[in-house]
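What follows is a short report on a single structure.
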Amino acid sequence: MRRRTCLSAAGLLLAAAGCGLTSGSPLTDDVEPGSIGRGEPLKGAHLTVTSKSFTEQLILGAIMGIAFEAAGADVIDRTGIQGSVGSREAVRKGDADAGYEYTGTAWITYLGHSKPITDPQRQWEAVKKEDAGKGLVWLPPSKLDNTYALAMNQENAKKYGTKTMSDVAKLAKSDPGAVKLCVEVEFANRADGLPGMQKAYGMDVPARNITQMDTGIIYTQTQQGNCTYGEVFTTDGRIKSMNLAVMDDDRKFFPNYNAAPMINAKSLREWPAIAEVLNPVTARLNNSVAQTLNAKVDVEGEDPHQVALDWMVEEGFVGEG
């Protein structure tokens, strides 16, 4: 079995729960170049990788760190930072060199825009341009788009036959009692969540048919059919494991949240090979890949770093040392 070992460096206080958290620890994966990292273009580099604390981010952070290792860099793991702002600020200030971030999060949360750009490429270009003045460089984005959606179980999908959000809006008009929504508290109050969604689609769901609950409960209640439609994230592994049917956002209301490497500009100037190492890996990421990897952690209970390492080896990006 491919294994990952965490070593505590002198002066680094590691969290009791394990390794690779906010305080940082060296990555010591026994990997070598595969289709990326040939010639070890990052040999001599000391790079710190960061991420937020949820499953997908932990996996993406590990993928990035492993890619850097295979290219010859010494890597410090600072994945698992709580909240969205912390990991971005770490890269912006130079406390970390790189991390995967989402275009929609940057555009709306960090840069303060109220309206998302519907075309994903243009959204990335706009974020890249605006962040260039903040000491951040965005490398090309992936097709991994971790945005909002409504989903239902297969029984209800057959019963009601809805495939798009417009179909759901029509059903809400023709049979108001059929549309029972389960959503998070945040989604229920966000402009890019339930209020905006109902306005964009002309959807009028009575308050009595909307239940607010925690994310994990939404998935189980939707699977059991207690919610006709549940608010989900499009890359969540539970969509695949629970065989949920996702409604197409046919009016492109929800923002694009494409994952892309966000690099400290100074670090990239010093080590321009970062781009050639990461670009092929990013190009391979999409929603199907993300759902599969996320499910290995959230459904099967595997370690995020091990999941990332296995995938990098299976894809041929890196080899085992």
Are [X] and [Y] close enough for a salt bridge, meaning some N to O gap below 4.0 Å?
X	Y	result
Asp192	Lys115	no
Glu89	Arg92	yes
Asp236	Arg238	yes
Glu315	Arg284	yes

Using only atom types and a distance under 3.5 Å, with no angle test, would you say the side chain of [X] pairs donor to acceptor with the backbone of [Y]?
X	Y	result
Asp298	Thr55	no
Asp167	Lys163	yes
Thr50	Arg78	yes
Asn294	Ala290	yes
Asp74	His46	no
Gln57	Lys52	yes
Asn286	Lys143	no
Thr282	Ala260	no
Glu231	Glu184	yes
Trp124	Asp119	no

Audit row: Gln291, Thr235, side-chain hydrogen bond (donor to acceptor under 3.5 Å, both in side chains) steps and yes/no: CA-CA 5 Å; Gln291 286 180 9; Thr235 59; over 6 Å; no
Ser267 side chain to Asp97 side chain, donor-acceptor N/O pair below 3.5 angstrom: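 Note: Ser267 and Asp97 side chains meet the donor-acceptor criterion.
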Any side-chain donor near an acceptor of the partner, Thr79 and Asp77, under 3.5 Å: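 Looking only at side-chain atoms, Asp77 and Thr79 do form a donor-acceptor pair, the distance falling under 3.5 Å.
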Can you name the nearest heavy-atom pair linking [X] to [Y], along with the distance?
X	Y	result
Gln223	Leu244	CA-CD2, 4.1 Å
Met247	Ala245	CE-O, 3.6 Å
Leu60	Tyr100	O-CD1, 3.6 Å
Val277	Pro41	CG2-CG, 4.1 Å
Ala70	Glu32	CB-O, 3.8 Å
Lys180	Gly177	CE-O, 3.7 Å

4.5 Å side-chain heavy-atom contact, [X] and [Y]:
X	Y	value
Leu111	Lys134	yes
Met197	Leu194	yes
Gln123	Asn258	no
Phe254	Met165	yes

How many angstroms lie between atom [atom1] of [X] and atom [atom2] of [Y], to the nearest 0.5 angstrom?
X	Y	atom1	atom2	result
Ser166	Asp250	OG	CG	3.5 Å
Glu125	Thr103	CD	OG1	11.5 Å
Glu130	Leu136	CD	CG	11.5 Å
Thr234	Asn287	OG1	CG	4.5 Å

Steps toward side-chain contact (heavy atoms from CB on, under 4.5 Å) verdict (Val281, Ile36): CA-CA 8 Å; Val281 178; Ile36 63 169; 3.8 Å; yes
Are [X] and [Y] connected in the hydrophobic side-chain network, where two residues link if heavy atoms are under 4.5 Å apart?
X	Y	answer
Leu278	Trp138	yes
Phe233	Leu144	no
Phe187	Met213	no

Phe253-Tyr201 aromatic ring centre distance below 6.0 Å: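 So the answer is no for these two rings.
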Over 12 non-hydrogen atoms of neighbours within 6.0 angstrom of CD in Gln154: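 Yes, because the 6.0 Å sphere around CD of Gln154 holds more than 12 heavy atoms from other groups.
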Derivation and outcome, side-chain contact (heavy atoms from CB on, under 4.5 Å), residues Ile210 and Val183: CA-CA 7 Å; Ile210 301 172; Val183 301; 4.0 Å; yes
Phe54 and Tyr102 aromatic ring geometry - parallel, tilted or perpendicular at 30°/60° bounds: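 The rings of Tyr102 and Phe54 lie parallel, inter-plane angle below 30°.
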Parallel, tilted or perpendicular: ring planes of His113 versus Trp107, cut at 30 and 60 degrees: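 Taking Trp107 first and then His113, their aromatic rings lie parallel (interplane angle under 30°).
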